[in-house]
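Lettering follows sequence order; numbering is per chain, from 1. Any value given below was found using the heavy atoms of this structure, including those in side chains, with hydrogens, waters and symmetry copies removed.
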Amino acid sequence: MTLTVRERADTLGTLRYASVHAMETLAAWVPTTPDLEAKILFGRHIWEFAQHADQLGRRTHELRAALHYTPAPTPAYDGALALLRSTAGARERISAFHDVFLADLADKYADYLAATDAFLDEPSVRVVERITADLRRMTADAAEARAQRPALTGSGVATAAALAAALAAARPWVRHRAPAAGIAEATA
Amino acid sequence: MTTAAPLHPALDPRFFADSAARDERFTVVDRWVDCARFDDADPRKRLEFLHRQMNEEVAVCENAARSLVDHPEAPWELRMWLARQAADEARHADNYRRAFLARGGRLGDYPVLSFQYRVLGRITSLAGRLAVQNRTFEVDGLDAVTHAILEAEADGDADLVALYDAQQADEVVHIRFANEWIRRLTAGRPAVLLEVGRALALAAQGFAAVFTEGGGTRVHKYGVAEELRAMAGFTEEEIRTAVALNEERRERARRADA
């Protein structure tokens, strides 16, 4: 059974929340990460997530939600995002963000494509396809930054494993609204 | 690892916040007089310039990124511009890094300043930051890059000409969005003008403290890039004023160097 219009808006809006969080996380890390190559990597990717948030926020408006509708996720997923943000050290930050968070985000977009109707929800599908291509490029960028600077500074406190576990445990991660009175909608 | 280097004792902490983090390859200094300064004929001058520009682009990236974090209440459209600027400046830094390494440089060969990041850290108003970073520092950079293009052309360095040319186009965009948004923010809340005035005064004092000793304010090689300023959203009156002030400054510098 495919997602309803309301569920599509809730899911894309929550992905917008994750994108804004990612943008702000990278922005917070740029001044506080010592390594030049990591700063450049994070700085370039800030704009990627801003664009994703913008595209998702425009699409939610087309799905009977507000322009730039950004619902908070479930507490478990929000906690995982907070853990990501708390990561220190250039090496640990790239590992947590580009190896773990991006992989999980790509899975979430893949799940969306599998769950929605590719024809009825084609505008969302196009947005998601463009975003997933960006995520693949960002992962490749991280590999290049690591090659440029093999001796990335570290904090000694890795969060990647804990983050992977927190993301895996955060199911469900979208907080769906109840159907609105007065709007007839399909049954999922 | 270098993080939050202590401020030079000669500088007033009212004008300078903590520095941004730099890794162990870099020596962070606070004053222009402590930077590596070479004669025009010295081949290290061009290399040091690339290294310095790389660091300055990183600083602007850091400032745009910090404003994104510090001002979540800003309109989404403005936040998008800050994100775009952060990414552009990161790309510029990478361009300079590559150009510097390709010409035989080694990262950290020369001291780097933390001036822009430290001064902006003492300005909390977003309009104030835009006025100082984008409408002042970036505009000065526009004039300097215009001069650098001519120098690179004279040297026959086509790669550098292309780098400067692309960067200049990006900087015009950053200045223009700042001009537009300062006007919009001011129209919505006239007190913003006071914040801008305070920010500019603070930056001017910080600039003088860092650059006066060692002759960093005695620049008279290049004038105002008038057409580019017009593209960046300055009014004709603002451009006329900038040209007059620049001429006065250059004349003072010429007399001081005579």
Side-chain angles (χ1 to χ4, degrees), chain A residues 16-17 19-58 60-61 66-70 85 88-91 93 134 137-138 141 144-145 148-156, chain B residues 1-5 17-26 28 51 54-55 57-72 75-98 100-101 107-108 112 114 116-118 120-121:
Chain A
R16 184 178 195 277
Y17 181 100
S19 299
V20 171
H21 192 280
M23 175 188 82
E24 292 175 344
T25 296
L26 294 173
W29 287 354
V30 164
T32 58
T33 303
D35 306 68
L36 174 72
E37 294 80 359
K39 281 180 190 289
I40 289 170
L41 176 73
F42 297 157
R44 288 176 58 204
H45 289 177
I46 289 170
W47 171 236
E48 303 283 356
F49 284 103
Q51 289 177 92
H52 298 171
D54 196 60
Q55 291 159 15
L56 292 165
R58 290 177 191 281
T60 57
H61 200 27
L67 179 66
H68 299 314
Y69 171 55
T70 314
R85 176 79 63 90
R91 189 171 58 242
R93 283 173 170 175
D134 289 343
R137 180 162 37 74
M138 282 188 263
D141 289 344
E144 188 180 349
Q148 290 169 350
R149 171 80 167 152
L152 284 166
T153 56
S155 65
Chain B
M1 179 172 99
T2 303
T3 54
D18 284 346
S19 60
R22 291 285 181 277
D23 67 62
E24 79 286 348
R25 292 169 294 182
F26 296 95
V28 180
H51 192 263
M54 174 189 74
N55 182 66
E57 297 298 322
V58 170
V60 187
C61 173
E62 290 167 332
N63 277 332
R66 177 170 53 185
S67 288
L68 257 184
V69 176
D70 290 351
H71 291 281
W76 174 247
E77 192 185 338
L78 176 52
R79 300 193 87 202
M80 285 281 288
W81 277 121
L82 291 169
R84 174 57 187 269
Q85 184 178 14
D88 285 348
E89 308 296 3
R91 182 163 42 81
H92 297 165
D94 202 26
N95 289 340
Y96 280 113
R97 185 187 69 82
R98 291 169 194 271
F100 177 73
L101 295 176
L107 296 176
V112 294
S114 188
Q116 292 197 45
Y117 188 80
R118 289 197 130 160
L120 263 283

So do A:L36 and B:F26 actually touch side chain to side chain, heavy atoms under 4.5 Å? yes
Which region of B:L82, side chain (C-beta onward) or backbone (N, CA, C, O), has a non-hydrogen atom less than 4.5 Å from a non-hydrogen atom of chain A, or is it both or neither? neither
Find the one option among B:R91, B:R97, B:E89 whose heavy-atom pairs under 4.5 Å with chain A are most numerous. B:R97
Just how far is it from atom CG of B:D94 to atom CZ of A:R44, taken to the nearest 0.5 Å? 6.0 Å
What distance do B:E57 atom CD and A:I40 atom CD1 have between them, rounded to the nearest 0.5 Å? 10.5 Å
Check whether A:K39 reaches the backbone of B:E62 with its side chain - one donor and one acceptor, N or O, closer than 3.5 Å. no
Taking all non-hydrogen atoms of both residues, which atom of B:C61 and which atom of A:G43 are closest, and how far apart? SG-CA, 4.0 Å
Output for pair (B:Q85 CD, A:I46 CD1), nearest 0.5 Å, gives 10.5 Å
The criterion is side chain to side chain contact (heavy atoms under 4.5 Å, CB included); which residues satisfy it with A:A90, sequence neighbours excluded? A:T33, A:D35, A:A38, A:L152, A:T153
Greatest number of heavy atom pairs closer than 4.5 Å to chain B - which of A:Q148, A:H45, A:E48, A:Q51: A:Q148
Going from NE2 on A:H68 to CD on B:E77, what distance comes out if it is rounded to the nearest 0.5 angstrom? 9.0 Å
B:V69 meets the side chain to side chain contact (heavy atoms under 4.5 Å, CB included) criterion, sequence neighbours left out, with A:A27, A:A28
Please find the pair of heavy atoms, one from B:A83 and one from A:A50, that lie closest to each other, and give the distance. CB-CB, 3.6 Å
Taking every non-hydrogen atom, the tightest pair across B:M80 and A:W47: O-CZ3, 3.5 Å
Can you check whether B:L107 reaches A:E37 side chain to side chain, under 4.5 Å on heavy atoms? yes
